[in-house]
Asks: 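Here it is, the structure in full.
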Number of protein chains: 2
Amino acid sequence: MSRIAGPKGLRTAAAIRRAGLKLIYRHGFGAMSLRDLASEVGIQASSLYNHIRTKQDLLFDLIREHMEALLAQTDAALAAAPDTATDRLRTFVRHHIVYHLEKKQDVFIANFELRSLDAPHYATIVAMRRAYEGKLMAVLDAGVATGEFDIHDTRITAYSILAMLTGVCTWYKPEGRLSKAEIVDLHTRMVLHGCIAQREHALP
Amino acid sequence: MSRIAGPKGLRTAAAIRRAGLKLIYRHGFGAMSLRDLASEVGIQASSLYNHIRTKQDLLFDLIREHMEALLAQTDAALAAAPDTATDRLRTFVRHHIVYHLEKKQDVFIANFELRSLDAPHYATIVAMRRAYEGKLMAVLDAGVATGEFDIHDTRITAYSILAMLTGVCTWYKPEGRLSKAEIVDLHTRMVLHGCIAQREHALP
DNA sequence: ACAAAACGAACGGCCGATCGTTTGTAAACC
DNA sequence: GGTTTACAAACGATCGGCCGTTCGTTTTGT
């Protein structure tokens with residue numbers, strides 16, 4: 001039988017992806033040359049083409065795989081969550097922060113290198129992002145329906161929550177003052193205060 | 001006596017900055033060539049050098065001028081605000097959103113092209129951003145001191161608020177469903193709910 | 001042996017930046 | 001008030017260098 005890809009090839013392909021994430025995160029997609037990338041992997045630039053079709057396809061694959069993993073893991077987390085909207089929102093917040101802190105590079109690239117994608121690739125990723133936003137909006141809508149949440153605009157609230165939570169990636173340092181658990185608690189508290197029906201204050 | 005700069009030169013310099021903002025916002029700093037920029041302005045690439053020192057200096061100037069304007073206008077807005085921490089926070093939120101929506105391009109560039117700056121320029125901008133974060137932290141601290149706010153970590157709360165508010169820039173369209181005033185109200189409500197001392201809920 | 005994978009040279013093309021020159025125009029002078 | 005002068009500003013050619021990609025060849029591993 002013939003191999004489809006040798007074991008060495010699979011390791012190289014993985015190394016290219018790892019190095020790609022690192023260099024794109026550090027310098028930007030446009031500023032990363034394939035010669036830099038190959039050098040980081042330890043091969044020649046021309047050898048990259050045994051594993052990728054074009055530079056643009058590499059970027060698209062990195063972002064697509066990130067979005068697929070995010071969607072799948074979010075589904076898994078929500079499937080294991082309790083039934084009340086408040087608990088499901090708690091689960092969403094915790095999962096979003098934990099996942100995003102573990103994959104800072106992927107998240108940054110998926111959010112800010114979209115403009116380097118051509119139109120069809122761009123549309124694909126935007127659709128996946130819409131799907132992710134939809135998962136949070138479904139949680140919020142459910143809470144509004146049961147009266148747990150008091151939300152004036154589900155879509156904008158979802159955008160705001162996601163922006164706030166994803167913003168953690170821009171300042172988090174593993175050796176920093178706060179643990180991941182503390183960061184999760186702090187943001188969970190803030191999100192819930194912003195969503196849960198308030199019985200007294202009339203704001204603003 | 002000799003002129004320092006002719007009127008034609010000032011207009012060209014302004015046109016270069018305007019075109020620079022547009023092209024960097026659209027394609028990224030690394031992907032914007034000086035030939036593209038010159039073409040957008042209507043001159044030859046070499047003529048750019050009558051107005052800028054290097055491509056890098058152009059980026060730095062654009063970001064620095066944006067930050068200086070942001071800091072100055074924020075000071076002005078807060079100086080005209082009432083004394084209570086709640087009202088000052090309201091003022092900060094409104095000003096931040098309105099300013100950021102008016103200068104979407106500047107904001108995007110100042111936030112996501114920092115990595116294209118060399119070390120000294122980068123440090124300068126980061127210091128200005130720290131100063132801006134400090135202004136919000138001062139409002140939050142004042143509210144905590146008077147008992148108006150219940151905040152577990154002023155710095156992280158400030159980061160979260162800023163991430164949430166700045167996130168509006170990524171989806172806002174002038175022709176969209178919501179007016180600027182509605183967006184400001186919605187976010188003001190969310191921020192205040194997250195900060196104002198709650199007398200009932202024990203969360204999370 | 002055979003295919004996967006790495007190699008190294010080469011392609012055309014665009015990059016940021018520099019140079020000496022020309023052009024336009026406002027101020028200085030007669 | 002026309003002429004001269006001085007300089008900002010635009011020009012066009014050009015520099016060395018790096019870009020993404022291709023190709024034919026060689027090495028590697030089973």
Side-chain angles (χ1 to χ4, degrees), chain A residues 1-24 26-63 109 113 115-119 121, chain B residues 1-24 26-63 109 113 115-119 121:
Chain A
M1 294 296 129
S2 67
R3 290 169 301 167
I4 294 174
K8 182 81 172 297
L10 289 179
R11 254 188 294 127
T12 303
I16 290 173
R17 283 152 191 282
R18 224 178 310 119
L21 284 175
K22 175 176 160 185
L23 293 182
I24 296 172
R26 195 178 291 172
H27 307 298
F29 178 72
M32 174 194 72
S33 81
L34 292 185
R35 286 168 176 82
D36 290 342
L37 176 60
S39 169
E40 178 83 18
V41 176
I43 61 178
Q44 294 297 314
S46 55
S47 302
L48 292 173
Y49 286 82
N50 288 321
H51 306 278
I52 66 173
R53 243 182 33 85
T54 65
K55 189 191 182 190
Q56 165 100 204
D57 281 345
L58 171 62
L59 175 62
F60 174 66
D61 281 349
L62 290 175
I63 298 179
I109 293 170
E113 296 288 358
R115 63 182 168 192
S116 298
L117 294 174
D118 54 32
H121 287 161
Chain B
M1 293 301 127
S2 67
R3 293 166 300 164
I4 294 175
K8 183 81 172 297
L10 289 179
R11 254 188 295 125
T12 303
I16 290 172
R17 284 153 191 281
R18 224 179 311 116
L21 284 175
K22 174 177 163 186
L23 293 181
I24 296 173
R26 194 178 291 174
H27 307 297
F29 178 72
M32 175 195 72
S33 81
L34 292 185
R35 284 167 178 84
D36 290 342
L37 176 60
S39 169
E40 178 82 19
V41 176
I43 60 178
Q44 294 297 314
S46 55
S47 303
L48 292 172
Y49 286 85
N50 288 321
H51 306 278
I52 66 174
R53 243 181 34 83
T54 64
K55 190 190 181 193
Q56 166 101 204
D57 281 346
L58 171 63
L59 175 62
F60 175 66
D61 282 348
L62 290 175
I63 298 178
I109 293 170
E113 296 288 358
R115 63 181 169 192
S116 298
L117 294 174
D118 55 31
H121 287 160

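Note that the structure is a prediction, hence the values are computed from the model and not measured. Each chain gets a letter, A, B and so on, in the order its sequence line appears, and its residues count up from 1.
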Asks: With a 3.5 Å cut-off and heavy atoms only, can you find an N or O donor on one side and an acceptor on the other between the side chain of B:N50 and the base of D:dA10?
Replies: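 Yes.
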Asks: Between atom CD in A:Q56 and atom P in D:dC19, what is the gap in whole Å?
Replies: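 Roughly 18 Å, once rounded to whole Å.
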Asks: Could you give the OH-to-P distance, from B:Y49 to D:dC15, as a whole number of Å?
Replies: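 Taking atom P of D:dC15 as the reference, OH of B:Y49 is at 17 Å.
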Asks: Heavy atoms under 4.0 Å, any strand shown: does A:S33 hit a base, just sugar-phosphate, or nothing?
Replies: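 Sugar-phosphate, no base atom in range.
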Asks: Would you kindly give the CD-to-P distance between B:Q44 and C:dC15, to the nearest whole Å?
Replies: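 Interatomic distance, CD of B:Q44 to P of C:dC15: 13 Å.
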Asks: Taking CZ from A:R11 and C1' from C:dA4, how many angstroms apart are they, rounded to a whole number?
Replies: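 Checked: the CZ to C1' distance equals 13 Å.
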Asks: Please report, rounded to the nearest Å, how far the P atom of D:dT21 is from the CE atom of A:M32.
Replies: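 That distance rounds to 10 Å.
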Asks: So, do A:V41 and A:I16 sit near enough that their side-chain heavy atoms are less than 4.5 Å apart?
Replies: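 Touching, per the 4.5 Å side-chain cut-off.
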Asks: Within less than 4.0 Å of OP1 or OP2 of D:dA10, is there a side-chain N or O belonging to B:T12?
Replies: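 Yes.
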Asks: Establish, with yes or no, whether the OP1 or OP2 oxygen of C:dA4 is under 4.0 angstrom from a side-chain nitrogen or oxygen of A:H51.
Replies: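 No.
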Asks: I want to check something: taking the side chain as every heavy atom from C-beta on, are A:L58 and A:L37 in contact at a cut-off of under 4.5 Å?
Replies: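 The answer is yes, as the side chains (C-beta and beyond) meet within the 4.5 Å cut-off.
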Asks: Could you tell me whether the phosphate oxygens of C:dC7, OP1 or OP2, come under 4.0 Å of any side-chain nitrogen or oxygen in A:S47?
Replies: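 Yes.
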Asks: What is the separation between atom CZ on A:R35 and atom P on D:dT22, rounded to the nearest whole Å?
Replies: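 Rounding to the nearest Å, CZ of A:R35 and P of D:dT22 are 13 Å apart.
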Asks: I want to check something: taking the side chain as every heavy atom from C-beta on, are A:L59 and A:I109 in contact at a cut-off of under 4.5 Å?
Replies: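 Touching, per the 4.5 Å side-chain cut-off.
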Asks: Given atom CD1 of B:I52 and atom P of D:dA9, what is their separation to the nearest angstrom?
Replies: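 Taking atom P of D:dA9 as the reference, CD1 of B:I52 is at 14 Å.
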Asks: Distance check needed: D:dT21 C1' versus A:L48 CG, whole Å only.
Replies: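 Rounding to the nearest Å, CG of A:L48 and C1' of D:dT21 are 11 Å apart.
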Asks: I'd like to check B:K55 versus B:L48 (side-chain heavy atoms, cut-off strictly below 4.5 Å). Are they in contact?
Replies: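 They are not in side-chain contact.
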